[in-house]
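See below for the structure under consideration.
Order of the sequence lines sets the chain letters (A, B, ...), proteins ahead of strands, with each chain counted from 1. Not measured: the values here are computed from a predicted model.
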Protein chains: 2
Amino acid sequence: MKKTTDDILAKIGCKNTKSRKAVIEVLESAENSLSAEDIFLCIKEQGSSVNLSTVYRTLDLMESKSLVNKIIMGDGKARYELTVDGHRHHLVCTNCHKSVPIDFCPLEKMEKDIGKTNDFDITGHKLEIYGICPECKKE
Amino acid sequence: MKKTTDDILAKIGCKNTKSRKAVIEVLESAENSLSAEDIFLCIKEQGSSVNLSTVYRTLDLMESKSLVNKIIMGDGKARYELTVDGHRHHLVCTNCHKSVPIDFCPLEKMEKDIGKTNDFDITGHKLEIYGICPECKKE
DNA sequence: TTTCAAATGCGAATCATTTGCATTTAATAT
DNA sequence: ATATTAAATGCAAATGATTCGCATTTGAAA
């Protein structure tokens, strides 16, 4: 079980530290994407401690290695999640901020065409769909 | 020519002030989406003066009335543009931050299905496509 | 186990955006 | 026109997420 996080860290050629393992483990067990502070608090709850700066640095590092996907949200806080095969978009509840991953990407087929039409080299995209989740609808 | 901005302001039921007219006029003549500070500087260049807070407040107001579309960018600054019929997505150059509007929306047809599948009431979405523009490619 | 670059913690700095409050102004009634 | 008043503005200070500098610690290679 620890093996996985160690492998991840070895693969990107950086030191295998307690903080980094903690961050990765939190992300692995998360159902939703988390903010840096969410991660920081999770680790604290587990009895360990990391500095918030270190969480940010770890996330930046992992994002630069494409291990983590940074989601820029409308509320001013970025969320992070482990990169899964390909990428993933979310349905975000504008009331409670919970997010549900969507398992397909409406852009996949179109991206190349759009790039060609506009003479851009496409490097990526961000998509979020907003709405009210079932729980919040009840209220 | 002034008529248009006056109409816009009348329509949303708020005071018709110099600052607001200035913001709207800058947005009308802009080719790309602009940051609050871009707008602030444009107005200053024209010899007038507005407070940056006022620019933000005007933009928030207009966004709340759906007259302006707020684009959340990866560089930490939001960009704004007048809402055109329906909505619009952008191809954004990650190098020079220029953006090109895309005249169709890949989500249009899918949104309802996605909402139904996940039991969400869909309220909207944001999509941006990133790449390198023709000019920046040359470098 | 020595060595040293890489990583961390801490506090301070940044920077876009927001807010409180005193002052000004546009729109309405007089 | 003028008075009246809620809405809008300017200003400066606050906020809040993220970043940075730097002294200290630590993992990994020799």
Side-chain angles (χ1 to χ4, degrees), chain A residues 2-3 5-26 33-44 47-65 67-80 97, chain B residues 2-3 5-26 33-44 47-65 67-80 97:
Chain A
K2 257 187 199 154
K3 198 146 178 291
T5 69
D6 288 352
D7 287 349
I8 290 174
L9 288 168
K11 185 160 60 179
I12 63 179
C14 70
K15 284 194 190 172
N16 185 343
T17 67
K18 215 164 28 138
S19 311
R20 287 179 176 157
K21 275 195 269 192
V23 170
I24 296 176
E25 277 162 16
V26 168
S33 51
L34 302 174
S35 69
E37 195 175 16
D38 292 337
I39 296 170
F40 169 77
L41 292 173
C42 268
I43 294 172
K44 196 171 244 172
S48 319
S49 113
V50 232
N51 191 279
L52 184 54
S53 309
T54 301
V55 174
Y56 275 109
R57 284 190 276 230
T58 300
L59 291 169
D60 286 350
L61 171 72
M62 294 182 68
E63 197 206 2
S64 76
K65 303 290 183 181
L67 293 175
V68 147
N69 183 22
K70 179 177 182 178
I71 304 167
I72 295 157
M73 295 271 249
D75 67 349
K77 296 186 213 182
R79 307 297 148 94
Y80 301 83
H97 286 143
Chain B
K2 256 185 202 155
K3 200 149 179 288
T5 70
D6 288 352
D7 286 350
I8 290 175
L9 288 168
K11 185 161 61 183
I12 64 181
C14 69
K15 283 194 190 173
N16 185 343
T17 67
K18 215 166 26 142
S19 312
R20 287 179 176 157
K21 275 194 269 192
V23 170
I24 295 175
E25 276 162 17
V26 167
S33 51
L34 301 174
S35 69
E37 196 176 14
D38 292 337
I39 296 169
F40 169 77
L41 292 174
C42 268
I43 294 171
K44 196 172 245 174
S48 321
S49 113
V50 232
N51 192 278
L52 183 54
S53 309
T54 301
V55 174
Y56 275 110
R57 283 190 278 230
T58 300
L59 291 169
D60 287 350
L61 171 73
M62 293 182 69
E63 196 206 1
S64 76
K65 305 288 185 183
L67 293 175
V68 148
N69 182 22
K70 180 178 182 176
I71 305 168
I72 294 156
M73 295 271 248
D75 67 348
K77 297 187 213 179
R79 307 296 149 96
Y80 302 82
H97 288 142

Nucleotide C:dA26, atom C1' - distance to NZ of B:Lys21 in whole Å: 11 Å

Donor-acceptor pair present, A:Lys15 side chain and D:dA28 base, under 3.5 Å: no

Considering all heavy atoms, the nearest A:Tyr80-A:Val68 contact: CD2-CG1, 3.8 Å

For the student: nearest non-hydrogen atoms of A:Ser35 and A:Arg79, plus distance: N-CD, 3.7 Å

Distance test, side-chain N/O of B:Thr17 to OP1/OP2 of C:dA26, below 4.0 Å: no

Between D:dT9 (C1') and B:Leu59 (CG): distance, integer Å: 15 Å

base_contact_polar (D:dG27 base, A:Arg20 side chain, donor-acceptor, <3.5 Å): no

Shortest non-hydrogen contact from A:Asn16 toward A:Lys21: OD1-CE, 3.2 Å

Step-by-step side-chain contact (heavy atoms from CB on, under 4.5 Å) determination, B:Thr17 to B:Thr54: CA-CA 11 Å; B:Thr17 67; B:Thr54 301; over 6 Å; no

Between P of D:dC11 and CG of B:Leu52, the distance in whole Å: 12 Å

Gap between atoms NZ and C1', on B:Lys70 and C:dT17 respectively (whole Å): 8 Å

Shortest side-chain distance from B:Tyr56, nucleotide among C:dT17, C:dT19, D:dT18: C:dT17

Base of C:dT19 paired with side chain of B:Ser53 (donor-acceptor, under 3.5 Å): yes

Separation of D:dA8 P from B:Leu9 CG (nearest whole Å): 10 Å

Nearest-angstrom distance from the residue atom CZ of A:Arg79 to C1' of D:dA17: 11 Å

Rounded interatomic separation in angstrom, taking CG from B:Asn51 and C1' from C:dT24: 13 Å

side-chain contact (heavy atoms from CB on, under 4.5 Å) evaluation trace for B:Lys77 with B:Asp38: CA-CA 11 Å; B:Lys77 297 187 213 179; B:Asp38 292 337; 6.0 Å; no

Residue whose closest nucleotide on DNA chain C lies nearer the 5' end, B:Tyr80 versus A:Lys18: A:Lys18

A:Ser19 side chain near C:dT8 phosphate (N/O to OP1/OP2, under 4.0 Å): yes

Among C:dT19, C:dA7, D:dA8, the one nearest B:Arg57 by side-chain distance: C:dT19

Nearest-angstrom distance from the residue atom CG of A:Asp75 to P of C:dT18: 12 Å

